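In what follows, a single structure is set out as structure tokens and then discussed.
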Amino acid sequence: MAVQRNPAGASVNSRRSSAISTQSADSAVQEQTDAREALAEEVRTGLVKTPKRLSSRFFYDAEGSRLFQEIMHTPEYYLTRSEYEILDTSKDDLLQLFAADNRPFDLVELGAGDGLKTKILLSYFQEKEANFTYVPIDISQSALDGLTADIRRQWPDLRVEPQHDDYFNALDQLSAGSDASKNHPRLVVLFLGSNIGNFSRQETNDFYSQIYSRLRPGDQVLTGFDLQKHPAIIHAAYNDRQGLTKAFNLNLLRRINHDLDANFDLSAFDHYEMYNPENGEARSYLVSQKDQTVVIPALDMEVPFRYGEVIHTEISRKFTRTDIEQLAKATGFAVTGWFTDCKGYFVDVVFEK
Ligand code: AVI
């Protein structure tokens with residue numbers, strides 16, 4: 001899943017184009033160069049902090065994206081199955097909200113990835129002949145190309161207008177062409193998969209404020225939030241028995257070796273996750289299993305590690321209903337839809353401006 005986990009991505013394309021823009025060799029090289037530079041900056045600044053820190057948004061190179069796909073199928077990782085169930089059982093209620101007043105709508109997906117869950121909605125909305133356009137946004141042109149081709153193959157009549165851009169630039173473009181009158185499409189922004197849980201509290205508030213400022217009254221946001229539950233269930237989701245989450249976390253070091261010629265010995269680091277039920281934060285770490293020094297020639301860096309020292313790599317935040325209602329209130333939105341799975345593990349929430 002090539003998902004843009006960070007709203008501040010590279011800006012590439014402009015206004016909506018109805019043609020599939022296939023990636024040129026030049027832009028693919030540019031994308032790789034930008035990604036490598038961003039990683040270099042993260043390593044340069046993150047590994048001199050105390051505690052050491054690397055952002056989870058660098059997990060998603062090709063191998064990391066492949067591992068995440070596998071994690072989503074593990075018995076322990078309930079999030080994807082829960083959201084899938086919600087979208088399937090609530091698709092009609094969601095359509096009633098999105099198409100309220102018979103207005104056409106643009107279904108704008110942030111970090112579309114492979115669109116697997118979204119396809120539940122697309123398929124149902126097509127079947128009901130809803131008047132909508134699907135607008136997937138991603139900073140990875142190859143992910144967008146793959147998704148668009150796939151959707152056009154499956155539903156040749158569905159209007160798809162992919163946007164290769166960062167989220168906020170793309171929303172600027174879209175909202176410039178919309179207003180609250182009945183003739184213009186309502187914007188319905190999708191941010192699924194609990195991607196919001198990987199943001200800090202400050203980033204979360206900023207994210208919704210930024211979106212709010214780009215929407216018109218009546219526009220909506222559908223977000224997937226993972227809910228707080230028995231800590232053991234959450235803990236297990238980030239410690240699967242097959243060791244895929246461990247491989248996913250360690251892959252970040254492999255990527256740094258590959259992209260920046262570093263010499264991390266992957267067997268000298270372990271995966272450790274802890275869930276704190278008092279604040280809803282699952283945190284992932286890489287733990288140095290011995291005293292060691294890692295050399296990163298591309299950055300002219302030598303990084304010492306003590307035995308037991310950690311690199312903090314990810315926050316996966318779990319929410320309460322109060323957290324979500326407060327978030328909506330603090331950023332100006334009203335909560336107009338609340339859909340959970342049968343176990344109450346996960347919720348998809350509609351915010352309306
Ligand atoms: C993408 N994101 C919502 C996942 C999560 O649950 O935080 C990434 C992940 N990390 C470990 N397992 C899955």
Side-chain angles (χ1 to χ4, degrees), residues 1-7 9 53-84 86-87 109-118 138-140 143 167 190-201 203-204 207 222-229 231-255 269-276 279-287 310-319 323-324 341 345-349:
M1 181 183 272
V3 175
Q4 179 191 6
R5 310 274 166 205
N6 181 359
R53 174 95 180 92
L54 292 170
S55 167
S56 60
R57 73 189 163 97
F58 296 99
F59 281 167
Y60 302 91
D61 65 348
E63 177 62 3
S65 301
R66 189 191 68 71
L67 286 165
F68 182 51
Q69 289 290 336
E70 288 200 37
I71 289 171
M72 289 195 287
H73 289 101
T74 60
E76 294 91 345
Y77 197 77
Y78 59 84
L79 290 80
T80 311
R81 279 186 302 280
S82 302
E83 190 168 45
Y84 202 91
I86 295 168
L87 296 178
E109 181 157 30
L110 306 184
D114 66 2
L116 194 64
K117 280 171 292 191
T118 319
D138 209 295
I139 52 162
S140 162
Y167 298 163
L190 302 184
F191 197 49
L192 302 179
S194 188
N195 289 331
I196 194 64
N198 298 133
F199 291 1
S200 70
R201 278 162 212 270
E203 284 169 343
T204 303
F207 182 71
L222 177 72
T223 312
F225 295 93
D226 194 18
L227 291 170
Q228 291 184 17
K229 59 187 69 62
I233 296 171
I234 295 171
H235 184 67
Y238 296 88
N239 285 286
D240 66 280
R241 295 227 229 144
Q242 286 175 73
L244 289 164
T245 310
K246 175 178 176 176
F248 180 62
N249 200 2
L250 281 167
N251 179 59
L252 183 52
L253 302 183
R254 192 206 50 78
R255 179 178 183 184
F269 286 85
D270 197 9
H271 164 73
Y272 177 72
E273 182 268 353
M274 56 160 281
Y275 174 63
N276 179 350
N279 65 9
E281 282 178 10
R283 288 176 168 247
S284 294
Y285 298 93
L286 289 160
V287 188
V310 296
I311 310 174
H312 174 213
T313 51
E314 185 176 52
I315 291 183
S316 299
R317 191 171 155 216
K318 313 303 167 191
F319 295 79
D323 291 334
I324 296 167
D341 58 304
Y345 281 2
F346 200 93
V347 66
D348 277 283
V349 184

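This structure is a prediction, so every number in the text was calculated from the model and none was measured. Residues: numbered from 1 along the sequence shown. Atoms within a ligand are numbered from 1 in the order they appear, just like the ligands themselves.
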- Message: Would F191 and F225 count as a ring-ring contact (aromatic ring centres under 6.0 Å, His included) here? Give the steps.
- Response: CA-CA 9 Å; F191 197 49; F225 295 93; 9.1 Å; no
May I ask you to decide whether [X] forms a salt bridge with [Y], counting only side-chain N to carboxylate O separations under 4.0 Å?
X: E109; Y: K117; answer: no
X: D240; Y: K246; answer: no
X: R254; Y: D61; answer: yes

- Please walk me through it: do F199 and F207 pass ring-ring contact (aromatic ring centres under 6.0 Å, His included)? CA-CA 9 Å; F199 291 1; F207 182 71; 5.2 Å; yes
- For ligand 1, is there an atom lying under 4.0 Å from some heavy atom of S194?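 Under 4.0 Å: yes for S194.
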- Measure the distances from the heavy atoms of Y77 to every atom of ligand 1 and state whether one is below 4.0 angstrom.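 Heavy atoms of Y77 do come under 4.0 Å of ligand 1.
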- Give yes if a backbone or side-chain nitrogen or oxygen of N198 is under 3.5 Å from a nitrogen or oxygen of ligand 1, and no if not. yes
- Measure D226 to ligand 1 on non-hydrogen atoms and call it side chain, backbone, both or neither using the 4.0 Å cut-off. neither
- Mind checking whether F68 contacts ligand 1 via backbone (N, CA, C, O), side chain (CB onward), both or neither, at a 4.0 Å heavy-atom cut-off?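 Under 4.0 Å from ligand 1, F68 contributes side-chain atoms alone.
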Can you name the atoms of ligand 1, numbered from 1 with element, that are less than 4.0 Å from a heavy atom of [X]?
X: E314; answer: 7 (O), 8 (C), 9 (C), 10 (N), 11 (C)
X: G193; answer: 3 (C)
X: Y60; answer: 1 (C), 8 (C)

- Item | Non-hydrogen atoms of N249 and H271 that approach each other most closely |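 Scanning both residues completely, I find the closest heavy atoms to be ND2-ND1, 3.0 Å.
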